[in-house]
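What follows is one structure encoded as structure tokens, with my remarks underneath.
Here is the naming used below: chain letters follow the sequence lines, and residue numbers restart at 1 for every chain.
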Amino acid sequence: MRCAPNPNGPWHVGHARMPAVIGTYKQRYDGWFCVRFDDTDPETKRPDLDAYDAILEGVDYLGFTPDAVYRASDRLEIYYDHARELIELGGAYTCELPGEEFSALKNAGKPSPNRDKDPETVLAEFEGMVAGEYDPGEMVLRVKTDIKHKNPALRDWVAFRLIDTPHPRAEAAEYRCWPLLDFQSGIDDHLLGITHIVRGIDLQDSAKRQQFVYDYFGWEYPEVIHWGHVQLDDYDVKTSTSTIRELIEAGELDGWDDPRAPTLASLERRGIRGEAITAAMVELGTSTSDVDLAMSSIYAHNRELVDDASDRRFLVRDGRELPLAGSPPEEANPPVHPDHEDRGTRSIPVEDAVLLEEGDLPGREERIWLKGLGSFLYTRDVLQYTGEEIDVVREGGVDVVHWVPATGSVPVRLRTTEEDVLGRAEPGVADLEPDELIQFERVGFARIDGRESVDDGERIVAYYAHP
RNA sequence: GCUCCGAUAGUGUAGUCCGGCCAAUCAUAUUGCCCUCUCGAGGCAAUGACCGGGGUUCAAAUCCCCGUCGGAGCACCA
């Protein structure tokens, strides 16, 4: 099987579907798969040189290693040779008709006047195209199909055209005569021994077009299935490479890995494992209708992968300060992970005031349980310590909340898919290394990204993954 | 206008080819309960779907026709 991307930018989440599915099928059925960059348009779909590697990194992130990597722009001579052969078989002709004129004839079911040129003339003119003797628009090579085919999309389609803009890859910069996708991809699929093709519904007619070429050569067409488009819920930003690129260039996004961007780089930075994305994509199946991918599906898979390994910490977002009274312990020691006592406990100094999230503030004369510390009664504007008998929680009516010391806590900027949230975390968070994935209790999973300088010192930057 | 494809719960999916065991599977989501010092994990339960209309048949989610809705192609884009 093959994954044949156009390297016009880093991948968004939707792109993950192809490698996820064919990579999984490869593993399941002991198959073979390659990545083949179909980069045969240096002009309107101009390849982005950085995208080649970015895409291969994306495949790796999703958990797969391609068995081979090809670039169509390395293979022009192969396509030329097959074009010559096709011409000799009488399956193609050079045509100098402008696009609109041919289109009008085609829609009327009438052939181009060039259709019956003898192969010698066609071959000579094609060599002229390869040699750059024509200007763009002056000459194309068409595949001779069926000019009266009931589907106008299949009638005598273009196989090669001329493009003056040099290809961005130095290896291919000298070529001017470029094949179109249906020719290039059709030839390559056979030559590379592809047995199964998966592609989008936008290419529904490709197999039918390419079948004409396969018939001329006596080749057998691979099995092919088409699937619909994937929409993501939960994102404000459209899942489109060009839209994301525009937002980045306009400064509205920080880059391809901005947490608000629906890109693979963004999910990776948020601490979401590629396997979780792969699993969610495989669950979508290969139906031909458009599908909506619920991000919660990716999150559910990721939670299963990371929950056990993620240590717990407290983070209070936009905290409200409450003084403590009644001589609580000087230090709280909640477990590092509630399901793994052997990992030990954390140490959080208690001080004389704590921060709570606004939604957790107790009402007057209400009791509240600070996790890992004990129970308090909110009375006369202070939290009065009333002991550490957990029974009060079991009996009900006492909320269990997370908290941090008012002054000993460390500032945190938590970047989410919607906005950046400021908060303060328990002191131990200052010692976490970048790339560590933790769970802020009652907030959600987050990946420690690094530190940044602010006016009065340093701040931890974390990327929010999901609840 | 011409051509092609699709339609099962909020979302995805199984079942459709070879009609009955489908008052419809599983996952996710939401809600409630149990457990737990988390709104995480674990356990239990509830919610919720065959696009509409005809036809064939003893029997239709499944086969046929019509309609509706949605998607795609008709490029010197991929």
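The phosphate of B/C74 has neither OP1 nor OP2 within less than 4.0 Å of any side-chain N or O from A/K150. OP1 or OP2 of B/C77 sits under 4.0 Å from a side-chain N or O of A/R161. In this model, the phosphate group of B/A75 is approached by a side-chain N or O of A/S103 to a distance below 4.0 Å at OP1 or OP2.
Each of A/F160, A/Y79, A/Y93 was scored for a ring-ring contact (aromatic ring centres under 6.0 Å, His included) with A/F126, with one residue passing: A/F160.
Put simply, the side chain of A/R394 and the base of B/U36 share no donor and acceptor less than 3.5 Å apart. Judged by atom type and distance alone, A/D292 does not reach the base of B/G10 through any side-chain donor-acceptor pair under 3.5 Å. Judged by distance alone with a 3.5 Å cut-off, no donor-acceptor contact links the side chain of A/E283 to the base of B/U28. Between the side chain of A/K45 and the base of B/C77, a donor-acceptor pair under 3.5 Å is found.
A/H402 and A/E426 share no side-chain donor-acceptor pair at under 3.5 Å. A/R36 and A/S185 share a donor-acceptor pair across their side chains, judged by distance under 3.5 Å alone. No side-chain N or O of A/E57 forms a donor-acceptor pair with one of A/Y52 less than 3.5 Å apart. A/H337 and A/R312 form a side-chain donor-acceptor contact under 3.5 Å, judged by distance and modelled atom types alone. Using modelled atom types, one finds no donor on one side chain facing an acceptor on the other under 3.5 Å when comparing A/R447 with A/Y463.
When the C1' atom is compared between B/A29 and B/A49, the two are found 15 Å apart, to the nearest whole Å. Rounded to whole Å, the separation between the P atoms of B/A72 and B/G32 comes to 40 Å. To the nearest whole angstrom, the two C1' atoms, one in B/A59 and one in B/C74, are 44 Å apart. One C1' atom belongs to B/A46, the other to B/C51, and the distance between them is 27 Å to the nearest Å. Comparing B/G53 with B/A45, their C1' atoms sit 38 Å apart, to the nearest whole Å. When the C1' atom is compared between B/A14 and B/A75, the two are found 40 Å apart, to the nearest whole Å. The gap from the C1' atom of B/A27 to that of B/C63 amounts to 30 Å, rounded to the nearest Å. Taking atom C1' in both B/U68 and B/A41, the straight-line distance is 46 Å, to the nearest Å.
Checking B/A29, B/G40, B/U38 against the side-chain heavy atoms of A/A300 singles out B/A29 as nearest. When distances run from any side-chain atom of A/V291 to the nucleotides B/G12, B/U38, B/C77, the shortest one goes to B/G12. Distances from the side chain of A/D202 to the nucleotides B/G73, B/C4, B/C76 place B/G73 closest. Proximity note for A/R312 (side chain, C-beta onward) versus B/G71, B/G40, B/U11: the nearest is B/G40. Taking the side chain of A/L180 as heavy atoms from C-beta on, and the options B/G73, B/A78, B/U13, the nearest nucleotide is B/A78. Comparing B/G40, B/G71, B/U13 by their closest approach to the side chain of A/D290 singles out B/G71. When each of B/C5, B/C76, B/A78 is scored by its nearest atom to the side-chain atoms of A/V158, the top-ranked nucleotide is B/C76. Nearest nucleotide to the side chain of A/T44, out of B/C77, B/A41, B/C4: B/C77. The side chain of A/L203 sits closest to B/A78 out of B/A78, B/U3, B/C5. Relative to the side chain of A/S296, the nucleotides B/A41, B/C76, B/U28 differ in distance, and B/U28 lies closest.
Residue-level contact check: A/D360 touches the bases, meaning some heavy atom is under 4.0 Å from a base atom. Across all strands shown, A/S287 has heavy atoms under 4.0 Å from sugar-phosphate atoms exclusively, and none from any base. A/L284 comes within contact range of the sugar-phosphate backbone alone, with a heavy-atom separation under 4.0 Å but no base atom that close. Across all strands, A/L97 comes closer than 4.0 Å to base atoms (heavy-atom distances). Within 4.0 Å of A/N151, counting heavy atoms only, lies at least one base atom of the nucleic acid. The residue A/G228 sits apart from the nucleic acid: no heavy atom pair falls under 4.0 Å. A/T40 comes within contact range of the sugar-phosphate backbone alone, with a heavy-atom separation under 4.0 Å but no base atom that close. Contact annotation for A/P136: no contact, since no heavy-atom pair falls under 4.0 Å across all strands. A/S185 comes within 4.0 angstrom of no nucleic acid atom, judged by non-hydrogen atoms across all strands. Within 4.0 Å (heavy atoms only), A/R199 reaches no atom of the nucleic acid at all. Looking at heavy-atom distances under 4.0 Å, A/F445 makes contact with sugar-phosphate atoms alone, never a base. Residue-level contact check: A/P98 touches the bases, meaning some heavy atom is under 4.0 Å from a base atom.
Ranked by how close their nearest RNA chain B nucleotide is to the 5' end, A/K371 and A/A294 are led by A/A294. Heavy-atom nearest nucleotides on RNA chain B were determined for A/D182 and for A/R303, and the one closer to the 5' end corresponds to A/R303.
The distance between atom CZ of A/R155 and atom C1' of B/G73, rounded to the nearest whole Å, is 13 Å. Atom-to-atom, CG of A/D339 to C1' of B/C35 comes out at 12 Å; the value is rounded to the nearest Å. Atom CG in A/N107 sits roughly 12 Å away from atom P in B/U3 (whole-Å rounding). Here B/A78 presents its C1' atom at 14 Å from NE2 of A/H226, a figure rounded to the nearest Å. One atom, CH2 of A/W403, and another, C1' of B/C37, lie 13 Å apart when rounded to the nearest Å. Whole-Å rounding puts the A/I201 CD1 to B/G70 P distance at 14 Å. Residue A/M295 contributes atom CE, which lies 15 Å from atom P of B/G12 at whole-angstrom precision. To the nearest angstrom, P of B/G12 lies 15 Å from CH2 of A/W227.
Shown here, B/G6 forms a base pair with B/C69; the pair counts as Watson-Crick or G-U wobble because both key distances fall under 3.5 Å. Nucleotide B/A14 forms no Watson-Crick or G-U wobble pair with any nucleotide shown, as no partner meets the under 3.5 Å limit on both distances. Across all strands shown, B/U25 remains unpaired; no Watson-Crick or G-U wobble contact has both distances below 3.5 Å. Pair assignment for B/U57 gives none, since no Watson-Crick or G-U wobble pairing has each distance under 3.5 Å. With a cut-off of 3.5 Å on both Watson-Crick or G-U wobble distances, the partner of B/U30 is given as B/A46. Partner assigned to B/C35 is none, using Watson-Crick or G-U wobble distances below 3.5 angstrom.
A donor-acceptor pair under 3.5 Å is formed between the side chain of A/N107 and the backbone N or O of A/S103.
Figure legend: A/R169 and A/Y175 shown without cation-pi pairing, the cationic atom not lying both under 6.0 angstrom from the six-membered ring centre and within 45 degrees of its axis.
Shown here is A/E223, whose CD atom has no more than 12 heavy atoms of other residues, nucleotides or ligands within 6.0 Å.
For the residue pair A/D39 and A/S73, the shortest heavy atom distance occurs at OD2-OG, 2.6 Å.
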